[in-house]
Q: 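Can you keep this structure in mind? I'll have questions shortly.
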Amino acid sequence: MKNDANIVKQTKPAQPYNHLILEKKWQKKWASSKIYKSRESAKSTYKNAQKGKNTGRDKYYVLDMFPYPSGEGLHVGHPKGYIATDVVSRMKRMQGHSVLHPMGFDAFGLPAENYAIKMKVNPADAVTKNVSRFKKQLEIIGLDYDWSREINTTDPAYYKWTQWIFLQLLERGLAFESYEPINWCPVDKTGLANEDIENGRCERCGALVEKKSMKQWVLKITDYADRLLSDLDAADYQMPLLDWPESIKEAQRNWIGRSEGALIKFPTINNQTPNAKHLKDIEVFTTRPDTLFGVTYVVIAPEHKWVAELLTHVSNKKEVTDYIASSKLETEIERTDVKKEKTGVELKGIRAVNPANNEEVPVWISDYVLADYGTGAVMAVPAHDERDWEFAKKFGLPIKHVIAPERKGLSDESKYSFTGDGFLIGSDKFDGRESNSVKKEITESVGGKWVTKYKLRDWVFSRQRYWGEPIPVIHCEKCGTVPVPEKDLPVKLPRVKSYEPTGTGESPLAAIAKWVNVKCPKCKGKAKRETNTMPQWAGSSWYYLRYMDPKNKRALVDPKKEKYWSSVDLYIGGAEHATRHLIYARFWHKFLYDIGVVSTIEPFIKLQSVGLIMGEDGRKMSKRFGNVVNPDEIVARFGADTLRIYEMFMGPFDQQISWSTDSMVGARRFIEKVWKLLSKVTDTEVTLLKTLHKTIKKVTEDIQGLKFNTAISSLMIAVNEIDDAEAITKEQFELFLRILAPFAPHITDELWNLLGNKKSIHISAWPAYDPMIIVDDDVRIMVQVNGKMRGRFMAPNDSPQDRLEQTATALPDIQKWLDGKTIKKIVVVPNRLVSIVTS
RNA sequence: GCCCGGGUGGCGAAAUUGGUAUACGCGCAAGACUUAAAAUUUUGUUGCCGCAAGGCAGUGUGGGUUCGAUUCCCACCCCGGGCACCA
């Protein structure tokens with residue numbers, strides 16, 4: 001019936017769909033016609049922003065987290081995010097935005113270096129090779145990147161500016177040398193930042209992390225802790241509230257870990273001498289100063305310098321030093337294990353004085369107190385803190401209740417520590433007060449200070465590895481640490497034969513005398529270069545700015561002192577970067593804002609995380625499991641358009657999902673159906689307009705909202721309806737092709753071309769829907785009786801309520817249920833339902 | 001332990017944010033085409049009862065609010081993620 005040749009006047013003979021020929025053809029055409037070349041530049045972005053209140057409305061900067069080019073190449077999961085940005089970027093371009101959609105490579109760092117060591121090649125050569133492989137793999141997917149802006153973090157012209165930013169940090173005291181013990185990975189043989197550790201293990205290799213004291217460069221990210229936290233929720237005059245997934249915001253909040261509390265000084269005395277000589281003050285940090293009267297002892301972290309200072313007054317020196325030594329041997333994971341039994345030693349001969357009631361309490365050292373949080377010492381209130389409770393129980397220390405859950409007094413007689421809020425008891429003049437309301441008052445009464453503390457630690461920035469940006473600093477015997485003058489940047493990483501980590505705490509660069517020994521820039525005397533390199537995250541902390549320069553050459557600082565570098569409008573990548581890359585990049589961006597280089601306070605306005613694609617077996621895709629699916633093979637077999645449709649249709653974009661090659665047939669059938677629609681194009685007017693306009697609305701909104709799966713579903717519905725119809729006009733088919741184009745760029749450009757269009761569909765205008773066409777003339781009204789669906793009928797749009805009531809109650813299907821009952825109430829929802837309640 | 005998500009057919013998932021639960025796709029079953037298979041195509045596909053019309057149940061579990069709850073509230077159970085001896 002539907003193939004009746006008398007009705008369908010074909011414009012073109014049907015030809016078989018050959019994705020291999022067709023996709024290659026269009027990829028070549030796009031490249032030669034340069035339709036994806038971005039006109040956007042940092043400068044034009046800035047100028048656009050200056051034009052009016054519609055800041056950056058014209059430009060649209062959509063960015064993928066750039067990959068590090070591993071030797072294994074891409075698997076089918078990697079392109080998911082890239083396809084998503086591609087879909088958005090294509091729609092935005094068609095909507096008339098000046099789109100910036102670039103790609104580059106994050107090629108410094110441990111993964112690249114370890115791969116090179118394993119394969120026994122120089123990392124620089126491995127990177128070059130891997131990058132070209134990655135690019136080939138990306139090209140066949142038909143992504144609209146502007147490759148003229150490609151960047152590579154290992155390019156000296158690039159890392160010159162990574163080094164430049166370091167120098168700016170140094171100049172402002174935000175980069176400094178530290179000798180504090182840091183986390184050390186014994187396998188990768190390098191120091192690590194707090195962010196590089198997962199459950200006490202090296203995030204890269206899984207080795208147990210050790211503590212090691214050594215000279216380190218550290219960035220003072222903690223100076224930005226408050227802004228990194230508050231700007232997650234702050235809208236600014238020039239910047240909307242960050243449109244980020246709540247889970248990532250929350251992960252950052254947890255990571256930054258703000259808490260408010262009191263600093264309180266406990267004087268210590270030597271209680272062996274007759275007149276109790278005052279030794280020094282131990283300052284503690286507590287979030288519960290309301291429990292101050294319940295303090296029964298004080299604990300200091302064993303490695304704290306105060307312990308060493310007090311040691312001469314301690315009568316059990318040996319015991320104490322033994323404990324300090326043994327706690328040093330513990331790994332981070334042993335020490336911070338929640339379930340670990342408490343250990344500790346009392347500093348005998350010393351007492352601390354509770355400033356609230358002048359009570360003398362013992363002083364202990366224990367590794368349950370962390371040296372690098374708060375002040376490294378705590379006041380212990382076993383009655384109201386679970387850790388202190390456990391410790392007190394184990395060592396038989398007194399427990400004193402000072403908070404009662406209810407006003408009347410203790411409800412449960414001290415069987416456990418009560419950590420909730422309540423009413424003060426045994427607290428002198430504060431008795432009866434509500435615990436929460438009295439914190440600041442108690443703090444003041446003992447001369448304490450109300451402060452804010454963060455869990456965020458400063459960023460350990462040195463790596464004792466070869467493959468990273470050299471830290472641009474020179475150590476002079478006379479002048480000390482001297483920054484490399486800006487004119488001498490970049491400090492190039494020398495090409496070497498041996499680049500394996502030494503494990504000595506020095507980087508392999510230290511062995512290259514020719515490179516290390518330099519003249520001091522200040523006094524021209526003998527000096528040595530800093531041989532540590534920057535961590536993997538350095539280059540990626542500002543790379544999005546580099547893309548904004550069309551020629552990739554402009555200095556990061558504008559000669560005219562104009563700050564025009566801006567933000568990314570949409571940023572897509574893995575959620576695993578929540579507390580690493582995304583914190584570091586925000587930190588650097590804010591710093592660059594402070595020194596006048598960027599014009600915005602946040603780097604990424606909208607962020608979306610990609611859900612991982614797992615192997616068919618549900619495990620992470622990995623060579624190890626043999627479950628890796630290669631995109632090249634999928635593209636060869638099914639076509640890039642099919643791969644794109646499939647990956648976008650699999651499920652909600654941010655959700656983790658297992659790959660299924662079998663399920664790809666659905667996407668392929670859809671593409672083939674679209675291909676066959678060409679034979680339905682005719683002059684005859686048919687009633688598809690409403691369907692098409694509804695689909696335009698849905699697809700436009702869904703792409704905007706990154707709901708690609710439902711966008712494709714509505715495209716499928718449209719195809720099915722067009723297929724069921726007898727024909728479609730050229731104009732209507734063109735409407736459809738244009739909203740499909742972002743998802744399936746090759747086949748749509750081919751069909752667009754076959755319909756007689758000369759220019760690419762991807763630079764055609766995105767269709768607008770007509771709200772008048774979308775409105776339904778008749779709507780379906782449901783009828784409920786006592787909350788159950790009992791019937792339905794059609795009525796003109798916007799029918800009056802009484803009219804709907806009448807029709808509904810008169811329906812035979814409904815009469816049946818009303819028989820013998822009286823109507824108590826009728827609820828009418830316009831254009832939707834009539835709900836009847838009977839007795 | 002604390003904090004974020006989430007739990008819907010055989011499977012991946014939809015649901016205008018309080019208004020027809022299961023759209024779209026996969027799979028499966030039956031039919032058509034075929035010597036046959038693949039491909040294609042048609043029909044069906046939440047469960048139970050029924051020849052059917054239809055009825056009853058049904059969105060992790062148990063309660064509640066409402067004419068009406070996948071959606072809101074309370075309690076609990078599972079799954080994923082973040083933080084965690086952070087005082």
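The structure presented is a predicted model; accordingly, all values stated were derived computationally and were not measured. In the text below, chain A, chain B and the rest are named by the order of the sequence lines, each starting its count at 1. What's counted below: heavy atoms across the whole structure, side chains too, no hydrogens, waters or symmetry copies.
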Q: What side-chain donor-acceptor pairs closer than 3.5 Å can you find for residues 704-713 of chain A, not counting sequence neighbours?
A:
from     : atom 1 : to       : atom 2 : distance (Å)
A:Gln704 : OE1    : A:Lys92  : NZ     : 2.9
A:Thr710 : OG1    : A:Asp702 : OD2    : 2.8
A:Thr710 : OG1    : A:Lys707 : O      : 3.1

Q: Taking ring pair (Phe, Tyr, Trp, His ring centres under 6.0 Å) as the definition, give me every residue that meets it alongside A:Trp659, ordered by chain and number, with sequence neighbours left out.
A: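 Result, ring pair (Phe, Tyr, Trp, His ring centres under 6.0 Å) vs A:Trp659: A:Tyr646.
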Q: Any ion pair linking A:Arg335 and A:Glu303 (charged N to carboxylate O, less than 4.0 Å)?
A: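 Salt bridge present between A:Glu303 and A:Arg335.
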Q: With the side chain of A:Met782 defined as its heavy atoms from C-beta on, choose the nearest nucleotide among B:G5, B:A87, B:G19.
A: B:G19
Q: Which pairs, with at least one residue in residues 785-795 of chain A and sequence neighbours excluded, count as a side-chain hydrogen bond (donor to acceptor under 3.5 Å, both in side chains)?
A: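 Applying side-chain hydrogen bond (donor to acceptor under 3.5 Å, both in side chains) to every pair that reaches into residues 785-795 of chain A, excluding sequence neighbours, yields A:Asn786-A:Thr838.
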Q: A:Asp702 CG to B:A15 C1': how many Å, rounded?
A: 13 Å
Q: What residues, two or more places apart in sequence or in another chain, satisfy side chain to side chain donor-acceptor pair (under 3.5 Å) together with A:Asn797?
A: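 Here the qualifying residues are A:Asn831.
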Q: Each nucleotide N or O in nucleotides 81-85 of chain B that has a protein N or O under 3.5 Å away: list the pair and distance.
A:
from  : atom 1 : to       : atom 2 : distance (Å)
B:G82 : N2     : A:Asn254 : ND2    : 3.4
B:G82 : N3     : A:Asn254 : ND2    : 3.4
B:C83 : O2'    : A:Lys455 : NZ     : 2.9
B:C85 : OP2    : A:Thr336 : O      : 3.3
B:C85 : O3'    : A:Arg387 : NH1    : 2.9
B:C85 : O2'    : A:Tyr368 : O      : 2.7
B:C85 : O2     : A:Lys342 : NZ     : 2.4
B:C85 : N3     : A:Lys342 : NZ     : 2.8

Q: Anything under 3.5 Å between a protein N or O and an N or O of nucleotides 24-32 of chain B, put it in a table, one pair a line.
A:
from  : atom 1 : to       : atom 2 : distance (Å)
B:G25 : OP1    : A:Asn720 : ND2    : 3.2
B:C26 : OP1    : A:Arg669 : NH1    : 2.4

Q: According to ring pair (Phe, Tyr, Trp, His ring centres under 6.0 Å), who are the partners of A:Phe638, at least two apart in sequence or on a separate chain?
A: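 Checked A:Phe638 against ring pair (Phe, Tyr, Trp, His ring centres under 6.0 Å); zero matches.
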Q: Pull out every protein N or O sitting under 3.5 Å from an N or O of nucleotides 53-57 of chain B, one pair per line with the distance.
A:
from  : atom 1 : to       : atom 2 : distance (Å)
B:C56 : OP1    : A:Arg790 : NH2    : 3.3
B:C56 : OP2    : A:Arg790 : NH1    : 3.1
B:A57 : OP2    : A:Lys788 : NZ     : 3.0

Q: What is the ring orientation for A:Tyr584 with A:Trp537, classed by angle as parallel under 30°, tilted 30 to 60°, or perpendicular over 60°?
A: tilted
Q: Listed by chain and number, what are the ring pair (Phe, Tyr, Trp, His ring centres under 6.0 Å) partners of A:Trp306, not counting sequence neighbours?
A: A:His304
Q: Can you confirm whether more than 12 heavy atoms, excluding those of A:Lys340, are under 6.0 Å from its NZ atom?
A: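 It does: A:Lys340 NZ has more than 12 such atoms within range.
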Q: I need the residues from residues 825-836 of chain A with at least one non-hydrogen atom less than 4.0 Å from RNA chain B; give them sorted by number, or say none.
A: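 Output list: A:Lys825, A:Val827, A:Val829, A:Arg832, A:Leu833, A:Ser835.
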Q: For residues 372-382 of chain A, run the donor-acceptor check on the side chains, cut-off 3.5 Å, and write out each pair with its distance to 0.1 Å, sequence neighbours left out.
A:
from     : atom 1 : to       : atom 2 : distance (Å)
A:Asp372 : OD1    : A:Arg457 : NH1    : 3.0
A:Asp372 : OD2    : A:Arg457 : NH1    : 2.9
A:Tyr373 : OH     : A:Ser259 : OG     : 2.9
A:Thr375 : OG1    : A:Glu283 : O      : 2.6
A:Thr375 : OG1    : A:Ala377 : N      : 3.4
A:Thr375 : OG1    : A:Ala377 : O      : 3.2

Q: Round to the nearest Å and state the distance from A:Asp654 atom CG to B:G80 atom C1'.
A: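 Roughly 12 Å, once rounded to whole Å.
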Q: State the dot-bracket string of RNA chain B. Criteria: Watson-Crick or G-U wobble, both atom distances under 3.5 angstrom; notation: ( ) intrastrand, [ ] crossing earlier pairs, | interstrand, . unpaired.
A: (((((((..(((......[....)))((((((.......))))))((((....))))..(((((..]....))))))))))))....
